[in-house]
2 protein chains.
Amino acid sequence: MVALSRDEIVEAARGLLAERGLAGLTMRRLAERLGVQPGALYYHVASKQDLLAAVAAEILERAQIATHDPARAAEELRAALLPIRDGAEVMSFVNAFRPDALRPLRMLERAFPLPAPQARWAADTLVHYVLGFVAEEQNQAELARARIRQPAPDPQPVEEAFRFGVDVILRGLPPGGSASAPTSS
Amino acid sequence: MVALSRDEIVEAARGLLAERGLAGLTMRRLAERLGVQPGALYYHVASKQDLLAAVAAEILERAQIATHDPARAAEELRAALLPIRDGAEVMSFVNAFRPDALRPLRMLERAFPLPAPQARWAADTLVHYVLGFVAEEQNQAELARARIRQPAPDPQPVEEAFRFGVDVILRGLPPGGSASAPTSS
DNA sequence: ACCTGAACACCGTTCAAGT
DNA sequence: ACCTGAACACCGTTCAAGT
């Protein structure tokens, strides 16, 4: 009967999010899973938003995202988000709500050899792209789960589409008349 | 005492969203504003998600987004979303949830002179970027409103940052050692 | 210091029943 | 056909009171 800790709450929240998604992560269910009353959580976290920021930070810390290679960083960020239901949506929210909680994402701007503001804009563009892409992927997965839409048939073009966007951001659009996309790494 | 119509509900919902944001747009408040009981709405719309899709579609229809010029389309999409609180978030959700409701967005792929799948990926990349960028802008505005953060001081760099990302997607990153970003239109 | 019990002020959605 | 009344099954958050 050891006391509840903030870390324990964040860890349980991450698990609940991974299993049941954002709609399934309620303070009441979380309390139930931890064997306490809902109100007890508020002794350790200020609010649900505060909790979500901590969960997002933990997901990123575990991901160990490359800081020197933007293309690799994009792949790693996507890979870290995919196994967490609604992971991209949570990350987007926290990225806007408390960007300093997401230091690994801010570090990405060092990967761009550009003068001060541009490096940041470039990093933001890449991050927006990855979060937007994965959010759409995961939303479609949620809809497939709810049987509103069929699951995407073939995972291979999804990977290709993702890399295409990353390449476009890092190297520009392929020339108009050309028949092939740029290939990555 | 004319009967309620679906269009009237969608219009009122758009107004409520613009004024009070996503958290302020509840079925109960919407019913109150229309002078009916909450249950009455469900005779005209299937669910809140269904309603949001209709609202997003209307926002896009009014926007009259250019289909031939991607850079202009990006500006117009942003301009259409900014006056609606949480507009980008709603659009993102609907874009994943019911993309066919957002035909003007799908049309954008015609603006890219690329072979079939690439044109679509390019359009998706641009749309993801715009929605991600504006979502962050609007989330920060929401936080400023709630006095959690100060409002962004200077709107001019925001415009510049937005165009920088659009240019990156349309023309590629500026060369590494260079001191200036590409300039648009 | 840490948690319970109980409440407050809400939600989206359904559905018999009325007109 | 269209809407009301009333309920169902939830939410996040607060806070006095207990230990």
Side-chain angles (χ1 to χ4, degrees), chain A residues 1-17 19-56 85-86 89-90 93-94 97-98 139 142-143 145-148, chain B residues 1-17 19-56 85-86 89-90 93-94 97-98 139 142-143 145-148:
Chain A
M1 189 49 78
V2 64
L4 204 58
S5 74
R6 184 180 161 96
D7 280 357
E8 193 185 354
I9 292 173
V10 172
E11 186 48 48
R14 197 179 56 88
L16 203 51
L17 183 65
E19 286 170 34
R20 328 221 3 184
L22 200 47
L25 171 54
T26 71
M27 299 303 270
R28 287 165 184 275
R29 249 202 279 254
L30 184 56
E32 192 184 24
R33 176 169 289 204
L34 290 164
V36 297
Q37 296 296 314
L41 301 175
Y42 289 86
Y43 187 81
H44 301 276
V45 302
S47 64
K48 190 178 181 181
Q49 295 194 358
D50 178 41
L51 176 60
L52 285 176
V55 169
R85 273 174 79 174
D86 298 322
E89 198 174 327
V90 170
F93 173 72
V94 176
F97 165 65
R98 201 179 283 169
N139 272 328
E142 290 302 312
L143 295 171
R145 227 184 284 254
R147 307 250 174 94
I148 299 173
Chain B
M1 190 49 80
V2 63
L4 204 57
S5 74
R6 185 181 160 95
D7 280 358
E8 192 185 355
I9 292 172
V10 172
E11 187 48 48
R14 196 179 57 88
L16 204 51
L17 182 66
E19 286 170 33
R20 328 219 6 183
L22 201 48
L25 172 53
T26 71
M27 298 304 270
R28 286 164 183 275
R29 250 202 278 254
L30 184 57
E32 193 183 24
R33 177 168 288 205
L34 290 164
V36 298
Q37 295 297 314
L41 302 175
Y42 289 86
Y43 187 81
H44 301 276
V45 302
S47 64
K48 190 178 182 180
Q49 294 194 357
D50 178 39
L51 176 60
L52 285 176
V55 169
R85 274 175 78 173
D86 297 321
E89 199 174 325
V90 170
F93 172 71
V94 176
F97 164 64
R98 202 178 284 168
N139 272 328
E142 290 303 312
L143 295 170
R145 228 183 284 254
R147 307 253 173 93
I148 299 174

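Chain identifiers are assigned alphabetically (A, B, ...) following the order of the sequence lines, protein sequences preceding nucleic acid strands; residue numbering begins at 1 within each chain.
With sequence neighbours left out, B:Arg6 forms a salt bridge (charged side-chain N to carboxylate O under 4.0 Å, His left out) with B:Asp50. Every salt bridge (charged side-chain N to carboxylate O under 4.0 Å, His left out) that A:Arg14 has, sequence neighbours left out, goes to A:Glu11, A:Glu58.
For A:Ser47, whose side chain is taken as the heavy atoms from C-beta onward, the closest listed nucleotide among D:dT13, C:dG12, D:dC2 is D:dT13. For B:Thr26, whose side chain is taken as the heavy atoms from C-beta onward, the closest listed nucleotide among D:dA1, C:dG12, C:dC3 is C:dG12. Residue B:Arg28 has its side chain nearest to C:dT13 when only D:dC11, D:dC3, C:dT13 are considered.
Residue pairs that meet the salt bridge (Lys or Arg N to Asp or Glu O under 4.0 Å) test with at least one member in residues 31-48 of chain B, sequence neighbours left out, are B:Glu19-B:Arg33. Note on residues 34-43 of chain A: no pairs pass side-chain hydrogen bond (donor to acceptor under 3.5 Å, both in side chains), not counting sequence neighbours.
In DNA chain D, stems built from 3 or more consecutive Watson-Crick or G-U wobble pairs, each with both distances under 3.5 Å, span C:4-8 with D:12-16, C:12-16 with D:4-8.
Counting heavy atoms from C-beta on, the side chains of B:Arg145 and B:Arg85 come closer than 4.5 Å. Side-chain contact check for B:Pro38 versus B:Arg28: some heavy-atom pair is nearer than 4.5 Å. By the 4.5 Å heavy-atom criterion applied to side chains, B:Leu30 and B:Leu51 are counted as neighbours. Under the 4.5 Å side-chain criterion, counting only non-hydrogen atoms from C-beta, A:Phe93 is not in contact with B:Glu89.
Of the residues in residues 32-42 of chain B, those with a non-hydrogen atom less than 4.0 angstrom from any atom of DNA chain C are B:Gly39, B:Tyr42.
Proximity of B:Tyr43 to the phosphate of D:dC2: a side-chain N or O atom is located under 4.0 Å from OP1 or OP2.
Rounded to whole Å, the distance from CD1 on A:Ile9 to C1' on C:dC3 is 11 Å. Atom CE of B:Met27 and atom P of D:dT4 are 14 Å apart (whole Å). Atom CG in B:Leu30 sits roughly 14 Å away from atom C1' in C:dT13 (whole-Å rounding).
Annotation: of the two residues near DNA chain C, B:Ala23 and A:His44, the 5′-most nearest-nucleotide partner is A:His44.
In this structure, CG in B:Leu4 is found 4.0 Å from CD1 in B:Ile9, a value given to the nearest 0.5 Å.
Comparing the C1' positions of C:dC2 and D:dA16 gives an interatomic distance of 14 Å, to the nearest angstrom.
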